[in-house]
Amino acid sequence: QVQLVESGGGLVQAGGSLRLSCAVSGGAFSTYAMGWFRQAPEKESEFVAAINWRSGTHYADSAKGRFTISRDNAKNTVYLQMNSLKPEDTAVYSCAARDLTLTTTPTAYDYWGQGTQVTVSS
C-alpha cells in the first residue's frame, strides 16, 4: 500500500519561506512522478509543481521563480521549497504520485497525501 505523508507546513509572514516534504512508502518511488497541489477555502484544487521520474520539472505560473520542487530518491521524499511567500499562497498543500510522467491534472494521480496547511500572514 502506497502512503504519502506531508510535513513542513505552518504559519509564516509574507516574504518568508517554508520547505514542504512528502515522504512516500510502500511503492517504487524512483519510478513515480510527483506533484504538489493546493486548495484554498472555497476554491478548487490548483496545480503548483510537479517532477517526473527523471527529475524534469514543471511549475504553475504562480509558482515560477519562487517555488522549487526536488526529489531525493534515496530518502523516498519530494520537497517543495517555497520562497517569497504571499498571503494568496495560503492553502492546504498536498502531494500526489503517479507512474513516470508528470501532469498538471489532479485526477491523473493515483496516490495522495492528507495535506499540510500553509498560512501566510500579511
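If you're wondering where the values come from, they're calculated on a predicted model, not measured in any experiment.
Between the CD atom of Gln114 and the CG atom of Leu4 there is a distance of 10.0 Å, given to the nearest 0.5 Å. Between the OG1 atom of Thr57 and the CG atom of Leu102 there is a distance of 8.0 Å, given to the nearest 0.5 Å. With values rounded to the nearest 0.5 angstrom, Ser30 atom OG is found 8.0 Å from Asn76 atom CG. Between the OG atom of Ser122 and the NZ atom of Lys86 there is a distance of 14.0 Å, given to the nearest 0.5 Å.
Taking 4.5 Å as the limit, every side-chain heavy atom of Ser62 sits out of range of all side-chain heavy atoms of Glu88. Looking only at side-chain heavy atoms (C-beta outward), Val5 and Ser7 stay at 4.5 Å or farther from each other. Using a 4.5 Å cut-off on side-chain heavy atoms (C-beta onward), Val118 and Leu20 make contact. At a threshold of 4.5 Å between non-hydrogen side-chain atoms, the residues Phe29 and Met34 count as touching.
In this structure, Ala14 and Pro87 approach most closely via the heavy-atom pair CB-CD, 4.1 Å. Pairing each heavy atom of Val12 with each of Leu85, the nearest pair is CG1-CD1, 3.6 Å. Across every non-hydrogen atom of Val48 and Phe67, the tightest pair is CG1-CD2, 3.6 Å. The shortest heavy-atom contact between Val2 and Gly27 is CG2-CA, 4.0 Å. Across every non-hydrogen atom of Thr103 and Arg98, the tightest pair is CG2-CD, 3.5 Å.
Residues Val78 and Phe47 fall into different hydrophobic clusters, defined by Ile, Leu, Val, Met, Phe, Trp and Tyr side chains chained together at heavy-atom separations under 4.5 Å. Hydrophobic clustering (side-chain heavy atoms under 4.5 Å, transitive across Ile, Leu, Val, Met, Phe, Trp, Tyr) groups Tyr111 together with Ile51.
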- Audit row: Thr31, Leu100, side chain to side chain contact (heavy atoms under 4.5 Å, CB included) steps and yes/no: CA-CA 5 Å; Thr31 68; Leu100 299 179; 4.2 Å; yes
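With 3.5 Å as the limit, one finds no donor-acceptor pair spanning the side chains of Thr101 and Asn52. Looking only at atom types and distance, the side chain of Tyr93 has a donor-acceptor partner in the side chain of Arg38 under 3.5 Å away.
With sequence neighbours excluded, the residues satisfying side-chain hydrogen bond (donor to acceptor under 3.5 Å, both in side chains) with Arg66 are Asp89.
Counting non-hydrogen atoms of neighbouring residues, nucleotides and ligands closer than 6.0 angstrom, the CD atom of Gln117 exceeds 12 such neighbours.
Checked by atom type and distance alone, the side chain of Arg71 pairs as donor or acceptor with a backbone atom of Tyr32 at under 3.5 Å. Within the 3.5 Å criterion, the main-chain N or O of Ala91 finds no donor-acceptor partner in the side chain of Gln39. Using modelled atom types, no side-chain atom of Tyr109 and backbone atom of Ala33 make a donor-acceptor pair closer than 3.5 Å. The backbone N or O of Ile69 sits less than 3.5 Å from a side-chain atom of Tyr59, completing a donor-acceptor pair. Between the Glu6 side chain and the Cys22 main chain, no donor and acceptor come within less than 3.5 Å of each other.
By the 30° and 60° cut-offs, the orientation of the rings of Trp112 relative to Phe37 is tilted.
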